[in-house]
Amino acid sequence: MSTQSLGTGRFLWRMTHYRPWLYWVDNFLWTVVYCARLLPGLVAQQAFDTLQRGTADPPAIAWLAAAFVGVGLAAAVAETAGSTWDTHFRFSMSAVLQRNMLAEILRRPGARALDRSPGEALSVFRDDVEHAENGTDWTVDMFSLTVFAIAAMAILVSVNATITIFVFVPLVAIIAVAQVATRRLQQSRAASQVATSRVTGALGEIFGAVQAVQIARAEQGVVEHFRRLSDVRRKTVLRERAFSLLTGSVYWNTVHLGTGMILLLGANAMSEGTFTVGDFALFVSYLGFVTEFSGFIGLFLTQYKQLGVSVARMLALMRAGATNVPAEALVDSTPLDLTGPLPSEMPASPVRASARPAVDPLQRVEVTGLTYRFGRARDGAERAPGIDNVSLRLRRGEFTVITGRVGAGKTTLLRVLLGLLPRDAGEIRW
C-alpha cells in the first residue's frame, strides 16, 4: 500500500484489529443482544397458535409468560454488558488516533509543529476523530445486525418464502441510492468540516488577541469577519444535513413501502388459510428489526463514504505538508494505559539522593556556516533560505544584538540555534 494514502477499508481494518479481542468480544455481546430479539417472536408464534387451536391450559400459559420474562431479562443483561464493553472499545479507538496524531506533531521541530491554527487542529482532534470512532463502532452493529438478519430470514423463509422475498426488495434499492449519492456525500462532508475548522480557528485567534483588537479598535471588523465565517459554516452544515436527511428519507420510505407490501401479502395468505395467526405475529415481530437492518445498511454506506474525508483530514494534520510521514502512522498499534492507578495515585518509590555532577560553565557558542531553508512552495518553486551561511561567536559575559528588517531571519536564526528548526548545513558548538 502507498505510504501517501490510507483507504477507508484499510483504515477500518486496522482500527478493528488494533485490539482484536476487544473488538470481537464487542461483536459477540451485540450479536447476543440482537439475536435475543428473535426469541420473543418465536414465543409469540407459539402462544397465538396455541390460542388459535384452543389447546391452551394454565400451565402452558404460565410457561409462555415465564419465557417472555426470561427473554426480556436476558436481553437486558446482554445489552448492559454490551454497552459497557462498547464504551471501552470506542474510547480505545479515539484515544489511539489522538495519541498517534499528537505524537507525530510533537516529533516535528517545535517551530513548525502545526500547519494551521490551533482551533483548526482542535476541530480535527475532536470532530474527525469522533467520526472515525463512529465509523469503526458501526462495523460492530453491521456485523451483529447481519447475523441477526440472516437468522431472521431463515426463520421467515421457513414460514413463507414468497412474503420473505419482499424483504430484500428495499435492500437492493437502498444500496443503489447509496452508490449514486457517494460523490455528493463526500463533497458536502468536506465542505462542512473545512467551514467548522475555520470557525474554531477564528475563535482561538480572537481569544488570543483580545488586547490587540481593543487597541486597534477593530471589534466591529472582527465581529463581522466571524459572522461571515459562521454564516458559511451554517450554510455548509445545513447543506450536509439536508442531503443526509434526504438520503435517510429515501432509505426508510423504501423500507416502509416494502413493509406495507409484506403486510398485504400476509393478510391475503391468512385469508387463504396458508398463514396462521402465529405466523402473522412472527412476521410483525420481525418486520421492524429486519427493516431496521435494511435502513441501517443505507446509513452505514453513507457513514463509510464520509469517513474517507475525516481520514484524509487527520493525515493532513499529521503531515503538515511533509512527504516522509507514512499513512500507517495514523493507525499504528500503540500501547495505551487505560486501566490501573493514575501516576499520581501510585505509591512513591524511595529515591536515593545523589550528588549532582559538576557542570562546567558555558564559555562560548560558536556557529559556522549555519543554513536553513523553508522547503518548497506549493507551486514547486524553491523558497529563499531563512538563513544562509551565518557564522558568529558569542563569549561568556558578552551582550550581542542581531538586527535586521522584518523577514531577514532573526527569529529563524534563534529557532535553529535552539533546535526548534533543523539546520540544513553548518555547525553549532556550545
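The first residue of the sequence shown is numbered 1, and numbering continues consecutively from there. None of the values given here were measured: they were computed from a predicted structure.
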Revision key, fill the gap. Between the CD atom in Gln363 and the CG atom in Leu394, the distance rounded to the nearest 0.5 Å is 13.0 Å
Review point. Of Val129, Asp128, Asp127, which meets side chain to side chain contact (heavy atoms under 4.5 Å, CB included) against Arg313?
Key: Asp128
Review point. Once the angle between the rings of Tyr304 and Phe300 is folded into 0 to 90°, is it parallel (under 30°), tilted (30 to 60°) or perpendicular (over 60°)?
Key: tilted
**Study point:** Criterion side chain to side chain contact (heavy atoms under 4.5 Å, CB included) on Leu29 and Val25, from CA distance to verdict
**Key:** CA-CA 6 Å; Leu29 290 174; Val25 170; 4.1 Å; yes
Review point. What distance do Thr16 atom OG1 and Leu22 atom CG have between them, rounded to the nearest 0.5 Å?
Key: 11.0 Å
Exercise for review: Evaluate the side-chain proximity of Val309 to His131: yes if any heavy-atom separation is below 4.5 Å, no if none is.
Suggested key: no
Review point. For Arg228, which residues count as a salt bridge (charged side-chain N to carboxylate O under 4.0 Å, His left out) partner, sequence neighbours excluded?
Key: none
Study note, to complete from the structure: In short, Ala78 meets Val32 closest at the heavy-atom pair CB-CG1, 3.9 Å
Exercise for review: Locate the shortest heavy-atom distance separating Gly308 from Thr8; write the atom from each residue and the value.
Suggested key: CA-OG1, 3.4 Å
Check your understanding: Looking only at atom types and distance, does a side-chain atom of Thr371 sit under 3.5 Å from a main-chain N or O of Asn389, one as donor and one as acceptor?
Key -> yes
Check your understanding: Would you call Val331 and Met15 a side-chain contact if the rule is heavy atoms closer than 4.5 Å?
Key -> yes
Review point. Does Thr136 reach the side chain of Trp138, with side-chain heavy atoms less than 4.5 Å apart?
Key: no
Review point. So, for Val147 and Cys35, which heavy atoms are closest and what is the spacing to 0.1 Å?
Key: CG1-SG, 4.0 Å
Exercise for review: Check whether any side-chain heavy atom of Phe11 sits under 4.5 Å from a side-chain heavy atom of Leu330, and report yes or no.
Suggested key: yes
Exercise for review: Could you check if a side-chain atom of Ser92 sits within less than 4.5 angstrom of a side-chain atom of Arg19, using non-hydrogen atoms only?
Suggested key: yes
Study note, to complete from the structure: Distance col, row Thr368:OG1 vs Ile428:CD1, nearest 0.5 angstrom, shows 9.5 Å
Point to revise | Rounded distance (nearest 0.5 Å) linking atom CG of Asp26 with atom CZ of Phe28 | key: 12.0 Å
Point to revise | Phe148 and Thr146: CA distance, side-chain angles, deciding distance, side chain to side chain contact (heavy atoms under 4.5 Å, CB included) verdict | key: CA-CA 5 Å; Phe148 163 80; Thr146 300; over 6 Å; no
Check your understanding: Of all heavy-atom pairs between Gly404 and Lys410, which one has the smallest distance, and what is that distance?
Key -> O-NZ, 3.0 Å
Check your understanding: Got a salt bridge between Glu366 and Arg364, using NZ or NE/NH1/NH2 to carboxylate O under 4.0 Å?
Key -> yes
Check your understanding: Side chains of Ser123 and Thr200: closer than 4.5 Å at any heavy-atom pair?
Key -> yes
Practice item. For Gln220, enumerate each residue passing the side chain to side chain contact (heavy atoms under 4.5 Å, CB included) test, keeping only those at least two apart in sequence or located in another chain. Key: Glu224
Exercise for review: Check for a donor-acceptor pair, side chain of Arg415 on one end and backbone N or O of Leu421 on the other, with a separation under 3.5 Å.
Suggested key: no
Check your understanding: Got a sec, which residues hit ring pair (Phe, Tyr, Trp, His ring centres under 6.0 Å) with His17, two or more places apart in sequence or on another chain?
Key -> Trp13
Practice item. Determine, stepwise, if the pair Arg393 / Val367 fulfils side chain to side chain contact (heavy atoms under 4.5 Å, CB included). Key: CA-CA 6 Å; Arg393 175 178 294 181; Val367 176; over 6 Å; no
Check your understanding: Do you know the tightest heavy-atom contact between Gly135 and Leu307?
Key -> CA-CD2, 4.5 Å
Exercise for review: Measure the shortest side-chain to side-chain distance between Ser144 and Val33 over non-hydrogen atoms and say whether it is less than 4.5 angstrom.
Suggested key: no
Check your understanding: By salt bridge (charged side-chain N to carboxylate O under 4.0 Å, His left out), which residues pair with Arg99, not counting sequence neighbours?
Key -> none
Practice item. List in chain and number order the residues that pass side-chain hydrogen bond (donor to acceptor under 3.5 Å, both in side chains) with Arg14, two or more places apart in sequence or in another chain; answer none if no residue qualifies. Key: Glu328
Exercise for review: List for me each residue that meets side chain to side chain contact (heavy atoms under 4.5 Å, CB included) alongside Leu413, sequence neighbours excluded, and say none if there are none.
Suggested key: Leu370, Ile387, Val390, Leu392, Ile402, Leu417
**Study point:** salt bridge (charged side-chain N to carboxylate O under 4.0 Å, His left out) against Arg126, all qualifying residues, sequence neighbours excluded
**Key:** none
Practice item. Indicate the atoms forming the closest heavy-atom contact of Ala132 with Leu97, along with that distance. Key: CB-CD1, 3.8 Å
Check your understanding: Is it true that a side-chain atom of Arg395 and a backbone atom of Glu398 form a donor plus acceptor pair closer than 3.5 Å?
Key -> no
Check your understanding: Mind checking what makes side chain to side chain contact (heavy atoms under 4.5 Å, CB included) contact with Phe125, not counting sequence neighbours?
Key -> Gln98, Met101, Leu102, Ile105, Leu317
Check your understanding: How long is the gap from CZ on Arg107 to CE on Met318, to the nearest 0.5 Å?
Key -> 8.0 Å
Point to revise | Flag, side chain of Thr236 to backbone of Arg233, donor-acceptor distance under 3.5 Å | key: yes
Review point. Please walk me through it: do Trp24 and Phe143 pass ring-ring contact (aromatic ring centres under 6.0 Å, His included)?
Key: CA-CA 10 Å; Trp24 288 111; Phe143 176 85; 5.7 Å; yes
Review point. Out of curiosity, Asn134 CG to Ser94 OG, how far, rounded to the nearest 0.5 Å?
Key: 10.0 Å
Study note, to complete from the structure: Contacts of Asn100 meeting side chain to side chain contact (heavy atoms under 4.5 Å, CB included) (sequence neighbours excluded), chain-then-number -> Val96, Asp332, Thr334
Practice item. Would you list the pairs meeting salt bridge (charged side-chain N to carboxylate O under 4.0 Å, His left out) in which at least one residue belongs to residues 137-149, sequence neighbours left out? Key: Arg90-Asp137
Check your understanding: Do other residues, nucleotides or ligands put more than 12 heavy atoms under 6.0 Å from the CZ atom of Phe226?
Key -> yes
Review point. Between Lys235 and Asp231, does a salt bridge (Lys or Arg N to Asp or Glu O under 4.0 Å) hold up when you go through it step by step?
Key: CA-CA 6 Å; Lys235 292 178 180 178; Asp231 191 53; 3.4 Å; yes
Practice item. Kindly write out the residues that satisfy ring pair (Phe, Tyr, Trp, His ring centres under 6.0 Å) with Phe89, not counting sequence neighbours, or none if the list is empty. Key: Tyr23
Review point. Does Arg429 have any salt bridge (charged side-chain N to carboxylate O under 4.0 Å, His left out) partners at least two apart in sequence or in another chain, and if so, which?
Key: Glu427
